[in-house]
Amino acid sequence: GGGPAARGGALKGRQKASRSAVGLRQEVYASRPWRSFEALPPLRTAARKGSQSERAPSPLFASVGESDDDESRASSQERPHPPSFYCPISRQCMHDPVVLTDGHTYERRYIEQWLERNATSPVSGSVLPEKKLFPNHAMRNAIEEYFEQVLSGHRQAVREVMSSLVQRQRNFSCSTTLLRTVDSMLQCSVLVNADLSGEVVLKRIMEEARGLVGAEVASVFLLDRKRGELVSTVNSTEGELRIPLKSGVAGFVASTAMPLIIQNAYRDKRFNTEVDYKTGFKTRNILCVPIKAKRCIIGVAQLINKVAGGVLTSVESARESKKDNLDFTMDDQKFFEVFASQAGAALAAQDSDMLLGCASPRRTACDDFRQSLTRAASSAELQPLVIGGSSSSLLMSPMSPKKVERRVPDSGQGLHPVARRAFQPLLEVAWSSWEIDTLGLAEVSGNAPLSTLASYLINRHGLVEMFGLDAHKLEQYLLAVEAGYPDSNQYHNRSHGASVLHFTHMLLTHGGLLDAVEVGLVEVVKEPTRRRGFVMLAAMLAATVHDFEHLGVSNDFLVKTQSERAITYNDRSPNEQHHVSAAWRLLLKPELNFMESLSPEETLHLRRLVVDLVLATDMAEHGRLLEDFQGLAKAEGDGAMRAASPRDAHIVLKFAIKCADLGHLALGWDKHLRWVHRLEAEFFQQGDREKQFGLDCVSFLMDRHKPGVTESQVGFFDYMVLPLFRALLKAFPQAIGMVRNVETNYRHWCDAHGSPTR
């Protein structure tokens with residue numbers, strides 16, 4: 001305590017000590033008497049000019065009520081730690097500090113190595129009267145207490161951020177704020193333990209994860225490449241465990257790179273019960289994820305036996321469930337994957353020896369693209385959702401549509417490292433799950449969700465290798481297309497494009513539609529494997545470009561205002577005609593044409609299919625397309641539809657992209673509601689423009705002074721949505737994962753408006 005004078009004196013004393021410590025270190029660095037030692041990363045000492053620490057307290061303890069933008073900016077600043085905690089030789093945090101006769105404190109093992117070859121002070125360079133060392137217990141206690149307080153603050157910050165996210169969205173969502181908060185904790189943990197082995201650091205990081213997720217035991221298995229084994233020294237046996245690389249649960253995850261949740265360990269054949277029998281420990285359930293660094297698997301992390309207290313375990317579920325009844329959830333897995341992904345990246349930077357002998361996968365265009373994105377992608381956020389008001393900047397001339405700038409983001413504005421490390425878990429979810437948060441993907445990808453996801457899917461489907469596509473030109477084309485999705489659009493933006501791409505992929509691969517159409521296209525591509533790839537390439541390309549250079553207005557608006565697009569395409573689907581035409585013009589540029597390896601016949605067939613698919617997204621084609629699909633399904637009978645001709649195949653594929661274009665209807669309620677509000681905002685913006693142009697009547701649902709989209713969903717579902725998706729399910733029962741959420745959201749809307757369901 002004390003009065004202002006006492007506090008001012010203490011502050012001056014700390015400032016003086018800090019200046020003294022910084023000056024000492026500058027002196028030491030200038031003299032560099034330890035040149036024989038390997039240079040280590042520079043210390044994070046005094047705060048940089050203009051840093052957060054000069055203006056306000058550390059962001060770690062800031063209120064969760066701050067905006068994401070404020071928290072993101074704050075958490076990106078470095079928090080300086082006391083300079084005296086670092087060894088002048090290693091420049092790393094000390095664990096066993098000792099005092100030398102020169103009056104300075106060092107880490108024991110480094111000063112002992114120094115004194116074996118020198119008789120001078122590492123700091124001043126003066127001759128030492130004697131080489132005696134004395135333990136500095138006070139310093140060691142201060143270091144331990146300080147970093148425990150800092151880590152405790154980090155843990156609390158993670159819990160508060162997660163609590164805020166769950167309260168707002170009711171499930172796990174990967175936000176920039178969360179990623180940076182977790183990253184701050186990991187960086188602090190790495191900093192504290194930087195002088196120890198990489199394995200020890202990883203163990204301590206995973207112990208943090210154990211407490212945050214809520215589990216009895218955390219186990220870490222690191223890959224011993226020379227012996228082809230997984231080795232663990234942190235487990236329930238308190239001894240070393242070695243298992244073959246492909247053995248057991250850990251071996252399965254290490255060899256497949258796939259996360260795994262086992263709710264009943266003793267019923268899973270991969271679980272080895274021998275350890276439990278020897279130790280008396282009872283394993284109930286397991287959450288196991290791979291630890292990756294620089295595209296290499298360096299080990300696996302396991303959490304055993306879910307317990308209450310985790311950041312994603314609600315108080316109600318903890319009260320209602322007995323200790324032995326709690327199960328790991330997909331939210332636990334996603335959070336643990338993010339944690340493990342960031343931990344692996346931090347470890348790779350701190351301990352490169354862990355990557356020695358790493359059999360890195362062959363570099364693909366996706367890897368090249370991700371590296372380029374790291375260098376080039378802008379960190380711009382999505383435009384905020386605007387429910388009311390208007391802006392003159394959104395108005396456009398009826399004859400001169402707003403020019404869309406097609407520019408690859410400037411290099412030099414790279415992504416936050418945490419965001420880059422978050423890519424893989426999110427993309428792997430997109431590969432096999434019906435639901436993905438593309439708005440969240442936009443946040444962690446520097447507002448590049450479409451190009452990121454498209455590159456990942458095209459490469460994982462093996463299309464680059466199958467057709468000999470030019471990887472570099474593919475990268476540039478995807479970036480150019482994404483730049484053509486205006487951020488000013490609340491709905492028809494690059495996140496929507498990524499969502500349509502994702503659902504197109506899922507319908508073809510998990511909904512059974514790819515199997516149905518390949519027979520009908522046998523005349524186009526003879527070889528079966530190449531034919532499936534051809535269909536996938538066309539569908540991926542169509543979904544990617546389907547709203548390219550969208551102006552945020554309907555076809556009816558373009559026609560009424562006699563826009564350039566309406567004039568060019570004679571009022572027939574001017575939006576869709578422009579999307580596919582402009583995107584194909586990009587493809588004709590030599591520097592962007594990644595499909596030069598295709599034969600002329602294949603290129604023509606591909607273009608014809610892409611054009612058909614994009615034009616099918618016009619809502620004016622909804623009734624005709626549904627009628628064609630139902631007629632085809634009726635002829636085939638329920639389930640196991642097969643398109644026997646190119647025409648039938650085109651109908652099925654057009655129906656797929658139609659359903660994908662309405663994919664937000666198949667998201668979880670909270671995500672679906674977010675997109676509905678975005679659509680309503682975009683509609684209201686068009687209504688404002690219509691008033692600006694003096695049109696006789698504002699279009700239906702677009703007058704912000706009348707009921708909008710959120711008030712008309714029951715009717716929209718009854719007459720448009722349900723017939724579409726129920727026809728899909730009848731023909732392709734495997735699409736139940738998509739249709740189930742549509743039906744659930746329909747019931748939510750009916751309940752909200754007191755309407756009966758159909």
Side-chain angles (χ1 to χ4, degrees), residues 382-402 404 439 485-497 499-500 546-567 569 571-579 617-623 658 661-665 672-721 724 745-746 749 752-753 755:
L382 285 172
Q383 293 292 321
L385 176 62
V386 180
I387 301 299
S390 63
S391 172
S392 59
S393 64
L394 296 176
L395 300 176
M396 58 180 162
S397 166
M399 295 297 293
S400 303
K402 179 180 175 182
V404 179
L439 292 171
Y485 278 77
D487 288 334
S488 57
N489 292 347
Q490 291 294 334
Y491 183 87
H492 291 99
N493 51 41
R494 54 193 65 179
S495 292
H496 166 69
S499 176
V500 175
H546 87 281
D547 273 335
F548 179 61
E549 294 188 344
H550 199 293
L551 297 174
V553 294
S554 66
N555 284 330
D556 188 53
F557 177 88
L558 296 177
V559 172
K560 287 181 178 179
T561 58
Q562 298 186 54
S563 72
E564 182 178 338
R565 293 186 183 180
I567 300 300
Y569 300 108
D571 298 345
R572 296 178 181 176
S573 303
N575 265 324
E576 292 73 25
Q577 296 272 12
H578 177 82
H579 300 328
T617 61
D618 185 354
M619 284 301 295
E621 298 296 316
H622 180 93
K658 164 61 70 175
D661 198 22
L662 297 173
H664 76 86
L665 303 167
H672 162 60
L673 193 60
R674 189 178 180 187
W675 279 109
V676 170
H677 280 295
R678 281 178 167 267
L679 180 62
E680 185 173 65
E682 190 171 293
F683 274 13
F684 285 162
Q685 288 173 354
Q686 176 175 325
D688 294 340
R689 299 182 199 184
E690 292 180 356
K691 293 177 182 179
Q692 182 74 18
F693 284 119
L695 299 182
D696 294 337
C697 182
V698 176
S699 298
F700 180 56
L701 302 177
M702 296 185 183
D703 189 336
R704 66 176 66 254
H705 301 297
K706 297 179 180 180
V709 172
T710 55
E711 301 298 320
S712 63
Q713 286 298 292
V714 173
F716 180 57
F717 270 80
D718 281 341
Y719 296 103
M720 302 288 285
V721 176
L724 185 80
N745 289 332
Y746 171 59
W749 284 114
H753 294 283
S755 302

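Only heavy atoms go into these numbers, but all of them, side chains included; no hydrogens, no water, no symmetry mates. Please read all numbers here as calculations on a predicted model, not as lab measurements.
Listed here is the closest heavy atom pair of G687 and V698: CA-CG1, 3.9 Å. Contact record, H546 with H579: O-CD2, 2.9 Å, taken as the closest heavy-atom pair. Residues H578 and E549 come closest through the heavy atom pair NE2-OE1, 2.7 Å. Contact record, S488 with Q685: O-OE1, 4.2 Å, taken as the closest heavy-atom pair.
With N555 contributing its side chain and N575 its backbone, the two residues share a donor-acceptor pair below 3.5 Å. Looking only at distances, no side-chain donor or acceptor of N489 sits under 3.5 Å from a matching main-chain atom of Y491.
For Q713, the side chain to side chain contact (heavy atoms under 4.5 Å, CB included) partners are L665, H672, V676, V709, F716, F717, W749, not counting sequence neighbours. In this structure H492 satisfies the ring pair (Phe, Tyr, Trp, His ring centres under 6.0 Å) test together with H496, H550, sequence neighbours excluded. Not counting sequence neighbours, the partners of K560 by the side chain to side chain donor-acceptor pair (under 3.5 Å) test are D556. Residues passing the salt bridge (charged side-chain N to carboxylate O under 4.0 Å, His left out) test with E711: none are found, sequence neighbours excluded. Evaluation of the side chain to side chain donor-acceptor pair (under 3.5 Å) rule for S755 yields no partner, not counting sequence neighbours. Partners of K706 under the salt bridge (charged side-chain N to carboxylate O under 4.0 Å, His left out) rule, at least two apart in sequence or in another chain, do not exist in this structure. Applying the salt bridge (charged side-chain N to carboxylate O under 4.0 Å, His left out) criterion to D618, with sequence neighbours excluded, gives no partner residue. In this structure N745 satisfies the side chain to side chain donor-acceptor pair (under 3.5 Å) test with no other residue, sequence neighbours excluded. Q577 is linked by a side chain to side chain donor-acceptor pair (under 3.5 Å) to nothing, counting only residues two or more places apart in sequence or in another chain. In this view, D571 and V559, A566 satisfy the side chain to side chain contact (heavy atoms under 4.5 Å, CB included) rule, not counting sequence neighbours.
Taking SG from C697 and CE from M702, the interatomic distance works out to 11.5 Å, rounded to the nearest 0.5 Å. Interatomic distance, CG of L439 versus CG of N493, reported as 7.0 Å (0.5 Å rounding). Atoms CG and CZ, from D703 and F684 in turn, are 7.5 Å apart once rounded to the nearest 0.5 Å. Note that the OG atom of S554 and the CD atom of E682 stand 10.0 Å from one another [nearest 0.5 Å]. Note that CG of L673 is 10.5 Å distant from NE2 of H664, once rounded to the nearest 0.5 Å.
With contacts defined as side-chain heavy-atom distances shorter than 4.5 Å, the pair R494/D487 qualifies. V500 is not listed as a side-chain neighbour of D547, based on a closest heavy-atom distance of 4.5 Å or more. Annotation: side chain of K658 is in contact with side chain of M619 (closest heavy-atom distance under 4.5 Å). Using a 4.5 Å heavy-atom threshold, the side chains of W675 and S495 count as touching. For the pair T561 and R689, the minimum side-chain heavy-atom distance is 4.5 Å or more.
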Between Q686 and E690, does a side chain to side chain donor-acceptor pair (under 3.5 Å) hold up when you go through it step by step?
-> CA-CA 6 Å; Q686 176 175 325; E690 292 180 356; 2.9 Å; yes
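With ring centers used as reference points, F693 lies under 6.0 Å from F557.
A donor-acceptor pair shorter than 3.5 Å can be found between the side chains of D718 and Y746.
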